[in-house]
Protein chains: 2
Amino acid sequence: MTTTAGDSITVSRRELNKAATREAIAAAALELLRANGMNGFTADDVANAAGVSRRTFFNYFSSPEAAIASFTQKYLDTVIEQLLLRPQDEPLLESAQHALTAVAPSDLATLAETFALTQGDAQLSRFQLEAWDNCSSQIIATIGSRLAVREGEGSSGMDVNGELYLHALVQSVIACGRAAVEVWFRRHGEDISPASLARLRELLVSAIGHLRDGFHS
Amino acid sequence: MTTTAGDSITVSRRELNKAATREAIAAAALELLRANGMNGFTADDVANAAGVSRRTFFNYFSSPEAAIASFTQKYLDTVIEQLLLRPQDEPLLESAQHALTAVAPSDLATLAETFALTQGDAQLSRFQLEAWDNCSSQIIATIGSRLAVREGEGSSGMDVNGELYLHALVQSVIACGRAAVEVWFRRHGEDISPASLARLRELLVSAIGHLRDGFHS
DNA sequence: GCTCATGTTGCACTCGGTGCAACTTGTGCA
DNA sequence: TGCACAAGTTGCACCGAGTGCAACATGAGC
């Protein structure tokens, strides 16, 4: 199988293989979760279903829960990506509204489905929380370094109140994102239809809207 | 050891024993965490240090991480307690400022210390996140049922937008709480002195303050 | 002091998670 | 094209988390 000329840019064969294996494992885990629930399968099962050894499974994911949470990670990674594409002078809360909703429908559907499937399993819930929190940290780090550059080189970083402002703001945004998904789930349950997902998008925007006006009921 | 007459109200001997054992286990876990770091001890070690069997340890905590996170739980439980003592017509954000800071200094110190010790261990971090999230859920449930009662018996619950408002608000409050602790740690590291803790209290109030004015920098 | 409920313990077992050493596969270069 | 090295996979052995179960100990109620 020679290298098909064309769109392959800097992606070596190895990287492609790794990405494919990773996706195969995650997909197998999701399949098993759908069919058996979180306590209905083991890391062995996932490895077999994905056609790799148990040891290789753990080379890619630190646990079965991590494999499932990777879907949430993926969604949030594209949110970050979208966020960084917004104009830097746009208010952050506005950027957030766009970024949270500017994702492929399939990604949003998977986010919603895995969120639904997560209910009832404590350890998986923790991994989901971790994914949202990692997203916060990444955004804070990115914006923080942006501001540090803009502020000039003399000052060592930011003042405490600015740092608090940034952390509180970003974490609140993420909290509102989670709240929206939560409320959506409480109303629509497992319904992943386009109409239902459109409702989720609305909720995401509304939640940030509440945040913007300081929750003045 | 006969029952010392006096302040013992409805607390049976069994309950006292259980509470004492639970505290002993949690204290032993914290001690080992301080001395060896999270990967430096096992559930066995904690059990031995607390004078119980390994099996009993797991009767009280689902994992070593859960034992440590119980300190955060305790802090957040008293926050909830304080929150419910506030007048019901007080704005929630104001109540939150009081509740987050109206705790015993020792509890705040332990919260801060365990937060510091948590850095660097992924699984323990997840348990801490879970503790904060459980706090959100409890507050949402409590306030939700309050409002349901006040709204009258005819309507089945709350409208979607009200529910979103409640979830987003409470989760943002908790997010600001975490943000304050995080920023405090980035500045004060392991410093648990009263002065440092006073600074933490200020940060908690400021963070909610930012939230109240919609982060209009 | 007897009885029952509640809590503790040891045992055995499953599964998550990891270091290690052998092996296979892709990459770069002559 | 083939050779040598790097990177990835696998099996193996091991440790520790977590749980069901059955025997035992302890406090509650009478």
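By convention in this document, chain letters (A, B, ...) are assigned in the order of the sequence lines, proteins followed by strands, and residues within each chain are numbered from 1. What you see is a predicted model; the values in this text were computed from it and never measured.
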**Asked** Which word best sums up how the rings of B/His188 and B/Trp184 line up, parallel for under 30°, tilted for 30 to 60°, or perpendicular for over 60°?
**Response** parallel
**Donor-acceptor pair between A/Asp44 and A/Thr42 side chains, under 3.5 angstrom** = no
**Complete:** Within residues 35-57 of chain B, those residues having any heavy atom closer than 4.0 Å to DNA chain C are B/Val52, B/Ser53, B/Arg55, B/Thr56
**Message:** Rounded to whole Å, please give me the gap between CG in B/Asp121 and C1' in C/dG17.
**Reply:** 13 Å
**Message:** Base of C/dG26, side chain of A/Arg14 - is there a donor-acceptor contact under 3.5 Å?
**Reply:** yes
**Short N-O contact, A/Glu202 and A/Arg199, less than 4.0 angstrom** = yes
**Prompt:** Taking five pairs at each end, how big is the angle between the two axes of the helix from C/dG1-D/dC30 to C/dA30-D/dT1, to 10°?
**Reply:** 30°
**Asked** Just checking B/Asn17: base, sugar-phosphate only, or nothing, at a heavy-atom cut-off of under 4.0 Å?
**Response** sugar-phosphate
**Prompt:** Is it true that B/Glu65 and B/Arg126 have a side-chain N and a carboxylate O under 4.0 angstrom from each other?
**Reply:** no
**Prompt:** How close or far is atom C1' of C/dG7 from atom CD1 of B/Ile25, stated in whole angstroms?
**Reply:** 12 Å
**Item:** Along DNA chain D, first and last positions that approach a heavy atom of chain A under 4.0 Å
**Value:** D/dA6 to D/dC12
**Asked** When all nucleic acid strands are considered with a 4.0 Å heavy-atom cut-off, which category describes B/Phe61: base, sugar-phosphate, or nothing?
**Response** nothing
**Request:** Using only heavy-atom distances, determine whether the side chains of A/Gln128 and A/Thr72 contain a donor-acceptor pair under 3.5 Å.
**Result:** yes
**Prompt:** Rounded to whole angstroms, how far apart are CD on A/Gln123 and C1' on C/dC15?
**Reply:** 13 Å
